[in-house]
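Chain identifiers are assigned alphabetically (A, B, ...) following the order of the sequence lines, protein sequences preceding nucleic acid strands; residue numbering begins at 1 within each chain.
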Number of protein chains: 2
Amino acid sequence: MTRLDPAARREQILAATLRLVARDGFARVTLRDVAAEVGVVHGLIRHYFPTREQLVAAAFDAAVLAELEDDEEVAERVEPVEALADWLTSTPREHYLVWIDAWSEAPRNPELHAALTRHHRDCERRLSRIIERLDQAGLGTSADPASDARMLTALADGIAVQHHAIGIVSREDADRVVFTAAEERLGIVPGTLERSRPTAVRGQWATNTGA
Amino acid sequence: MTRLDPAARREQILAATLRLVARDGFARVTLRDVAAEVGVVHGLIRHYFPTREQLVAAAFDAAVLAELEDDEEVAERVEPVEALADWLTSTPREHYLVWIDAWSEAPRNPELHAALTRHHRDCERRLSRIIERLDQAGLGTSADPASDARMLTALADGIAVQHHAIGIVSREDADRVVFTAAEERLGIVPGTLERSRPTAVRGQWATNTGA
DNA sequence: TAACGTGTTATCCATGTGGACAAGAAGGGG
DNA sequence: CCCCTTCTTGTCCACATGGATAACACGTTA
């Protein structure tokens, strides 16, 4: 492969790793798989990431970062109802498959566990903020936004398992479950979230074409 | 190791496999690990299970079976509130770690996916039945027991992730979240489930001492 | 007690893995 | 123009893995 800018190559390797993790899981991704996905020799991976452990850790960090990169300021400007509907539904399938795999790896991988903890706290914090704004706007009520955020986060994760991993519920049913629960919990008039369902789907990880 | 009754040895191997899956995950459990856990040579494992795939599939089937073996007739005789509190909280840590790992493996393992689907449906069905009895007894109300069961199952799974995998919430907080949500959803008077919290913890998988 | 079935062991093998290393190639600065 | 950094390749190695196989040992039955 032609010589590439180090930063671009690095991102290319990370994206390839994430695609393979989503497909095969952290435990089964090999350096040779990643190299083949990128189109280089497996020795080159080592040139950028000294060990396999550091590679997957860096890849997961990148995934967490990518998940948060959609500007929080933007989310702050949009209507709270819309922000809530978006928060509850917009995580793409590939990302959730990585989260689910990360859950299973976390108990035996301290770095991954730490990153996952940070990500989870951040998700709850963002949702909590949306709930506060919803309450302030008089569109809903919450005595304890943090508690409500925790409960809705857990519900969204659980229903994502049923949808993405087990495939026992459709996308529509999954959305309805979390929408209904959120409306009930936060005193939002029923059907509001359904009507604010976002149409666009967030991006996946880049393909082979590096930055 | 002394010669053993085939059925007993088989169960011993399955239990050892499940313990290792809970610790290391499906992908990382090797035949040699299982053999060492049992205290035999790795060739013997093959004598009982022709391939590694069949071993882990059989182990997961055994786990699903063990989860359901607590007699449904017994659950039918106990008070519905007690049954609900038990359902929402009684899955032991080791079992949940296996479920979480199974979620991450399901998309690429058809047999495991099938077993997981059966197990999930059964869990929902049982909870649905409890909710029906609760409604009939006038202790709660549910317009759609199946929907409520689906939502509470998802919530319980999601909060189990937060508790067991990420460790971001304590056992007490986890129970409180699902109890509060269930009471709210089913119109149970607040605090009822907390007072019915089961004291006994269900068993883990047997240790080395075979049947 | 001798023969037989089978649980059990001890090795052997091909393969895939993470990592190490030296040589080649592409570009940038003197 | 040459040199020098470093991106990139090809190859090598020690090791672990799943699986195969033959010999061994223990219990049962005739």
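- For B:Leu4, the listed nucleotide lying nearest its side chain is C:dT8; candidates were D:dT8, C:dT8, D:dT9.
- Contact annotation: the side chain of A:Val161 approaches that of A:Trp103 to within less than 4.5 Å [non-hydrogen atoms, C-beta and beyond].
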With the criterion being N/O to N/O and under 3.5 Å, what pairs connect the protein with nucleotides 23-30 of chain D, and how long is each?
residue : atom : partner : partner atom : Å
D:dC26  : O2   : B:Arg3  : NH1          : 2.9

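- B:Ile45 pairs by the side chain to side chain contact (heavy atoms under 4.5 Å, CB included) definition with B:Ile13, B:Leu31, B:Val34, B:Ala35, B:Val40, B:Leu55, not counting sequence neighbours.
- In the region residues 46-54 of chain B, proximity to DNA chain C at under 4.0 angstrom, judged on heavy atoms, holds for B:His47, B:Tyr48.
- By the ring pair (Phe, Tyr, Trp, His ring centres under 6.0 Å) test, A:His113 pairs with no residue at all, sequence neighbours left out.
- Note on residues 80-100 of chain B: pairs passing salt bridge (Lys or Arg N to Asp or Glu O under 4.0 Å), not counting sequence neighbours, are B:Asp86-B:Arg202.
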Please report, to 0.1 Å, the donor-acceptor pairs under 3.5 Å made by any side chain of residues 56-68 of chain B, with sequence neighbours excluded.
residue : atom : partner : partner atom : Å
B:Glu67 : OE1  : B:His95 : ND1          : 2.6

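- Within 4.0 Å of A:Leu44, counting heavy atoms only, lies at least one base atom of the nucleic acid.
- For the pair B:Arg52 (side chain) and B:Val29 (backbone), a donor-acceptor distance under 3.5 Å is present.
- Checked by atom type and distance alone, the side chain of B:Gln162 never pairs as donor or acceptor with a backbone atom of B:Ala174 at under 3.5 Å.
- With hydrogens and angles ignored, no donor-acceptor pair under 3.5 angstrom links the side chain of A:Arg32 to the base of C:dG16.
- Not one N or O on the side chain of A:Arg150 forms a donor-acceptor pair closer than 3.5 Å with the backbone of A:Glu124.
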